[in-house]
Amino acid sequence: MKSLLIVCDGMGDRLTDGKTPLEAAKTPNMDKFAKKGITGIMDTVRTGIRPGSDTAHLSLFGYDPFRVYTGRGPFEAAGVGLELKRGDVALRCNFATLKNGKVIDRRAGRDEYGLKELTREVSKIKFRDTEIKFKKCAGHRAVLILRGKGLSSRVTDTDPETLNVPPARSRSIDGRPESRKTAAILNEFTRKTEEILSEHVINKRRKLPANVILCRGAGTKPELESFEERYGMNAACISATALIKGVCNSIGMKVIDVKGATGHVDSDISKKAKTAINALKKYDFVFLHIKGTDEASHDGDFNSKKEMIERIDREVIGPILEKVKDTTIVLTADHSTPISIRQHSADPVPIAILGDVRTDQVDKFTERECSKGGLNRICGIDLMHIILDLSDRAELFGA
Ligand code: ZN
Ligand code: ZN
């Protein structure tokens, strides 16, 4: 039996005026899904741990993030097609805005104007014995790779993650020469980007200048067994988000790009659903990721999140229920992103599984209803075992 895993990023929530966005949204198809399936709630990484999207997805695919995760940078790099070598240090970066030496916008107004040209300028930065690769990703984001002898990812970020302070100074975490050298290079990189970008003509035309690069999430190439080797299923990923594509890429999934998939609330998710349905002909395991729910959550926009959920219900879950047969289908989220706090939280997410399952009494796909379901409260790292079992691919433990 084949499997389809649908993850709506950051879909879980807490209550706003007595309801979560999932509860407020009209979702007849998700409710049908819950009614026919088995439901529960899930701690994607571990109870009480606030998951990043990368660690959450690793866990959902059965890779223990506490063991394999080295940082976000390498996955961002893999997601934009930058090949990491052993010893490289990868970081994710933002174009940001400085005023009088202080960060006043960490995303340079989310304005992409001229960032390609600025990327070319930043790429010219040179260090004595360390090569850099710098590539622009979606929006204001970019990836930096440091390549050379004696580098380490045990360094702190230059992104202060807060406003009205100068860029943070990278420091060595373990006090070793490799990390001290890497921190020094990062601090020099910050200074050089400031110098090059501040004077650039592009920035005279932008509403908010993109006059510094802030880096975070330093990591080295993670050692990951391939998904196919591990589970005996060939797998495809449909996502518009570089980080998630990077995670999937790193475990050998085929990443299928969909035109019109943006990773925002305006994404052509109907096309993504069609692509997923088609991919099931060729792949044993298809993973469909939808990001808009998380975007709306970070913006603290309840209505936008509710509308996104309703669109997913109509344009994704509806067609999948209609067309996909004889498949284990999982509908869930990678973490909660409550509107009230505009960031990821450890609140468990709802999950429903369709297929050859022991259907329970739950008939609504919401956080609180699913908590009454037959799966009870599970951990993300166990999801693949459950999928393998329900798809009749699990091996017997013992005799
Ligand atoms: Zn996420
Ligand atoms: Zn998020």
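Ionic pairing of Glu195 and Lys192 is not present here: no N-O contact between side-chain nitrogen and carboxylate oxygen is shorter than 4.0 angstrom. A salt bridge links Lys136 with Glu112: at least one charged nitrogen is closer than 4.0 Å to a carboxylate oxygen. The existence of a salt bridge linking Asp159 and Arg216 is confirmed by a sub-4.0 Å separation between a basic side-chain nitrogen and an acidic carboxylate oxygen.
Residue pairs satisfying the side-chain hydrogen bond (donor to acceptor under 3.5 Å, both in side chains) criterion with at least one member in residues 18-28, sequence neighbours excluded, are listed as follows: Thr20-Glu367, Glu23-Arg368, Thr27-Asp31.
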Review point. Under the salt bridge (charged side-chain N to carboxylate O under 4.0 Å, His left out) criterion, do Glu223 and Arg86 qualify, and how do the steps go?
Key: CA-CA 10 Å; Glu223 302 286 338; Arg86 241 202 147 98; 3.7 Å; yes
Check your understanding: Step by step, would you call Asp294 with Thr337 a side chain to side chain donor-acceptor pair (under 3.5 Å)?
Key -> CA-CA 6 Å; Asp294 191 53; Thr337 311; 2.7 Å; yes
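In the model, Lys305 has a side-chain atom that pairs as donor or acceptor with a side-chain atom of Ser297 under 3.5 Å. No side-chain donor-acceptor contact under 3.5 Å links His385 and Asp389.
Between Ile104 and Leu163 the shortest side-chain heavy-atom distance does not fall below 4.5 Å. Side-chain contact between Ile185 and Leu151 is present, with at least one heavy-atom pair separated by less than 4.5 Å.
Here the CD1-CZ distance, from Ile341 to Arg50, works out to 4.5 Å after rounding to the nearest 0.5 Å. Note that the CG atom of Leu22 and the CD atom of Glu369 stand 11.5 Å from one another [nearest 0.5 Å].
For Tyr231 and Phe285, the ring centers are positioned 6.0 Å apart or more. In this structure, Phe287 has its ring center closer than 6.0 angstrom to the ring center of Phe61. Aromatic ring centres of His344 and His298 lie closer together than 6.0 Å.
With Ile6 as the fixed residue, the side-chain contact (heavy atoms from CB on, under 4.5 Å) test singles out one of Val330, Ile329, Thr332: Ile329.
Figure legend: Arg230 and Tyr63 shown as a cation-pi pair, the cationic atom lying under 6.0 angstrom from the six-membered ring centre and within 45 degrees of its axis. A cation-pi geometry, defined here as NZ or CZ lying under 6.0 Å from the six-membered ring centre and within 45° of its normal, holds between Arg46 and Phe66.
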